[in-house]
Amino acid sequence: MHIAIWPGATEIIVAPARFRRTGIARTPIVNRPSPLVIGIAPVGSTPEQEQEQEIYEVRKKIYPRAVHGWFAGWRVFFVIFTQVIFYGLPWLQWNGRQAVLFDLPSRKFYIFGLAFWPQDFIYLTAFLLISALSLFLFTAVAGRLWCGYACPQTVYTELFLWIERKIEGDRLARMRLDAAPWSLEKFVHRALKHISWFIVALWTGYTFVGYFTPIHELGIRGMTWQLGPWETFWVLFYGFATYGNAGFMREQVCKYMCPYARFQSVMFDRDTLTITYDPIRGEPRGPRSKKTDRGAAGLGDCIECQICVQVCPVGIDIRKGLQYECIGCAACVDGCNQVMDKMGYPPGLIRYTTENALARGYDTKAMWRRVFRPRTLVYAAVLLAIIAVAVGSLAMRNPLKVDIIRDRGALAREATPGLIENVYRLQLMNTDETARRVTISARGVPGIAVVGVEQPIALEPASSRLIALRLQAPVDAGGQAQKTGPQPIEFVVRAVDNEEVVRYERSSFIFPR
Ligand code: SF4
Ligand code: SF4
């Protein structure tokens, strides 16, 4: 589909492409096949004024060149670090169970010694808040650090690219192979690459599902073709997503699918560190030999070698300024530094710097002073406060949880003359890794007592138990009639082995009128 836009347009024309040559629609004649042409044409515009734009940019395949250097080292470190955690964590055992397991059917999340229940959603909120604030902080300090080093899209693209380079070679070899006609060699290279990608992708899908179903069990059932339909679906879906996104889509995900790229600019300001080409130092650019005296030749430091463009995984030229496609991976910094080194020029023609530092000529010290400015300090303070509260609250978390369910069918009845009885069901939850025994009592109404349940009650580690019990209270206590209607009471659930583990839960006891 094409859009033709004339400067000063006053009229919109939409016509099937076959009308283009007939003069029915005043749209530019283009040679590419298109089912529809949309034109915005001013009255009296000339062909010279016509500009044609495509709605969807045709993708140009990118062949990123391998690069080495300080930041490339960090990217490799983060790929290894994140993937060792991702692939390794589900295999760790803790107290006889999987250390990290999100057990959705029983609605319990296990993270090492902690078991989280639906009632613990506050910790999920804290986790999301911490993640969001960390993103704000890191982005305000140094731009798209997450995108460049730790985002799964970047990490898996790096991993798949590494496999591609090992099998098909670096940039030029891959370009040649792509352009070459099909041959046995090309087929073998392609097959090897796709089989390797497929294995990594399938293992990624299997690992992902292993966070939700015990991974040992999943592996055994997988090998004996006994996986359930949902497990099969998610292994394949996640594997397919990895294969497609890291093998084929690559920079397209960052450019067109990821919303973060679109709103990151609101988190940037003039003191945010971003990867920037220094035009004052680099321009006027131009090729030259190493021996050329650039001062005498009237040249800047950029030798127009295009290495920064060739190493860029999103295929942009950073010398045109900060662009939303830039994922902040710093490959161009390493690439350009290698060139500067070979030319005998100082490094840092492309570097992490701030808009203000570049415009006002700050030295490194002055630039870093502004990086830690009120905005980032406020983010950091709020982030630390939330982390401290969440950690403190986790450390002091009461391992006992109690949910009270009133039996609506039998709110109150007279058990024996002068004795009123209410029925309750208590869900007792032990979030600890050790078994507990607890007692239940009630208070708030004179003479109230728990009946119909054998005490103490045993609770298995990280388990819940539904207990049905009755509360009885006399109509007259100490010669005085109790108030009728619902009366506030409190259940006290106390651990036998530790007096400090206690839970007070409010409810009501009804005296019939
Ligand atoms: S790598 Fe450096 S020298 Fe080469 S074109 Fe890019 S900015 Fe210029
Ligand atoms: S411009 Fe540089 S930092 Fe940005 S994506 Fe390309 S190589 Fe990475």
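Residues: numbered from 1 along the sequence shown. Keep in mind the model is a prediction, meaning the values are calculated, not measured.
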Please check if the side chain of Lys186 supplies one atom and the backbone of Pro181 the other of a donor-acceptor pair under 3.5 Å. no
Any Leu273 side-chain heavy atom under 4.5 Å of Trp368 side chain: yes
For the CD1 atom of Ile316 and the SG atom of Cys308, what is their distance to the nearest 0.5 Å? 10.0 Å
Keeping Gln153 on the side-chain end and Asn245 on the backbone end, is there a donor-acceptor pair under 3.5 Å? yes
Test item: Thr242 and Tyr238 side chains (from C-beta on) under 4.5 Å apart, heavy atoms: yes
Please tell me if the side chains of Phe78 and Val155 come closer than 4.5 Å, counting only heavy atoms from C-beta onward. no
Quick check for you: to the nearest 0.5 Å, what is the distance between Cys336 atom SG and Asp341 atom CG? 11.0 Å
Sequence neighbours excluded, the answer for ring-ring contact (aromatic ring centres under 6.0 Å, His included) partners of Phe237 is Phe233, Trp234
Minimal non-hydrogen separation, Pro313 against Glu251, with atom names: O-CB, 3.6 Å
Note, Arg373 side chain near Leu377 side chain (heavy atom, < 4.5 Å): no
Closest approach of Pro284 to Gly298 (non-hydrogen atoms, all atoms of both residues): CG-O, 3.1 Å
Look at the aromatic rings of Trp74 and Phe77 and report parallel, tilted or perpendicular, splitting at 30° and 60°. perpendicular
Is there side-chain contact between Cys302 and Leu349, with at least one heavy-atom pair below 4.5 Å? yes
Those residues that, when tested against Phe212, pass ring-ring contact (aromatic ring centres under 6.0 Å, His included) (two or more places apart): Phe102, Phe208
Between Thr82 and Tyr149, is a side chain to side chain contact (heavy atoms under 4.5 Å, CB included) present by the stated rule, with each step listed? CA-CA 10 Å; Thr82 52; Tyr149 297 90; over 6 Å; no
Once ring-ring contact (aromatic ring centres under 6.0 Å, His included) is applied, do any residues pair with Tyr243, and if so which ones, sequence neighbours excluded? Phe248
The ring-ring contact (aromatic ring centres under 6.0 Å, His included) partners of Phe116 (sequence neighbours excluded) come to Tyr123
Indicate the ring-plane relationship of Trp94 and Phe112, choosing parallel, tilted or perpendicular according to the 30° and 60° boundaries. perpendicular
Measuring from atom CD of Gln98 to atom CG of Asn95, what distance do you get when rounded to the nearest 0.5 angstrom? 13.5 Å
All heavy atoms of Pro287 vs all of Leu299, minimum pair found to be O-CD1, 4.3 Å
Return each pair, listed once, that meets ring pair (Phe, Tyr, Trp, His ring centres under 6.0 Å) where at least one residue sits in residues 317-353; pairs must be two or more places apart or across chains. Phe71-Tyr352
Can you spot which of Thr276, Thr274, Asp278 makes a side chain to side chain donor-acceptor pair (under 3.5 Å) with Arg351? Asp278
Trp146 (side chain) donor-acceptor with Leu135 (main chain) under 3.5 angstrom: no
Strictly by side chain to side chain donor-acceptor pair (under 3.5 Å), give each pair with a member in residues 306-316 just once, sequence neighbours left out. Arg65-Gln310, Glu304-Gln306
So which heavy atom on Gln93 is nearest to which on Gly96, and how close? OE1-C, 4.0 Å
Rounded distance [0.5 Å steps], NZ in Lys255 versus CD in Gln323: 9.5 Å
Among residues two or more places apart or on two chains, list those pairs meeting ring pair (Phe, Tyr, Trp, His ring centres under 6.0 Å) that have a residue in residues 265-289. none
Give the intermediate values and the outcome of side chain to side chain contact (heavy atoms under 4.5 Å, CB included) for residues Ile387 and Ile130. CA-CA 7 Å; Ile387 291 174; Ile130 290 168; 3.8 Å; yes
Mark yes or no for whether Thr154, through its side chain, and Gly148, through its backbone, hold a donor-acceptor pair below 3.5 Å. no
When you measure from the side chain of Arg285 to the backbone N and O of Gly300, does any donor-acceptor pair fall under 3.5 Å? no
Partner residues of Thr364 under the side chain to side chain donor-acceptor pair (under 3.5 Å) criterion, sequence neighbours left out: none
Between Thr204 and Tyr87: side-chain donor-acceptor atoms closer than 3.5 Å: yes
Which heavy atom of Pro279 sits nearest a heavy atom of Leu358, and at what distance? CD-CD2, 4.3 Å
Separation between CZ (Phe138) and OG1 (Thr272), nearest 0.5 Å, reads 14.0 Å
Taking side chain as C-beta onward, heavy atoms only, is Arg360 less than 4.5 Å from Met367? no
Which residue pairs satisfy the salt bridge (charged side-chain N to carboxylate O under 4.0 Å, His left out) criterion with at least one member in residues 187-200, sequence neighbours excluded? Glu164-Lys193, Glu168-Arg190, Glu168-Lys193, Asp178-Arg190
Ser289 and Thr292: side-chain donor and acceptor closer than 3.5 Å? yes
What are the two closest heavy atoms between Pro90 and Thr207, and how far apart are they? CG-CG2, 3.9 Å
For Thr354 and Tyr362, does a side-chain donor sit closer than 3.5 Å to a side-chain acceptor? no
Would you please test Phe160 and Arg250 for side chain to side chain contact (heavy atoms under 4.5 Å, CB included) and show each step? CA-CA 10 Å; Phe160 276 50; Arg250 296 191 174 169; 4.2 Å; yes
is_close_aromatic(Tyr211, Phe109), centroid dist under 6.0 Å: no
Using side chain to side chain donor-acceptor pair (under 3.5 Å) as the criterion, list what pairs up with Asn356, not counting sequence neighbours. Arg270, Asp271
Taking the side chain from Asn398 and the backbone from Lys401, do they hold a donor-acceptor pair closer than 3.5 Å? no
If you measure from OG on Ser196 to CZ on Phe198, what distance do you get to the nearest 0.5 Å? 11.5 Å
Can we say Arg319 and Asp317 salt-bridge, meaning some charged N sits less than 4.0 Å from an Asp/Glu carboxylate O? yes
Whether Thr376 side chain and Val371 backbone form a donor-acceptor pair below 3.5 Å: yes
Hey, does the side chain of Ser131 reach the backbone of Phe127 with a donor-acceptor pair shorter than 3.5 angstrom? yes
Any chance you could lay out the side chain to side chain contact (heavy atoms under 4.5 Å, CB included) test for Asp120 and Arg397, step after step, and finish with the verdict? CA-CA 10 Å; Asp120 291 317; Arg397 196 166 71 126; 3.0 Å; yes
Is it the case that the side chain of Asp334 and the backbone of Trp70 share a donor-acceptor pair, with hydrogens and angles ignored and the cut-off at 3.5 Å? yes
Quick one: side chain to side chain donor-acceptor pair (under 3.5 Å) partners of Asp301, sequence neighbours excluded? Arg281, Arg294
Can a side-chain donor-acceptor contact be found between Tyr110 and Arg97 if the only test is distance below 3.5 angstrom? no
Hey, could you give me each pair passing salt bridge (charged side-chain N to carboxylate O under 4.0 Å, His left out) that has a residue in residues 133-159? Not counting sequence neighbours. Arg75-Glu158
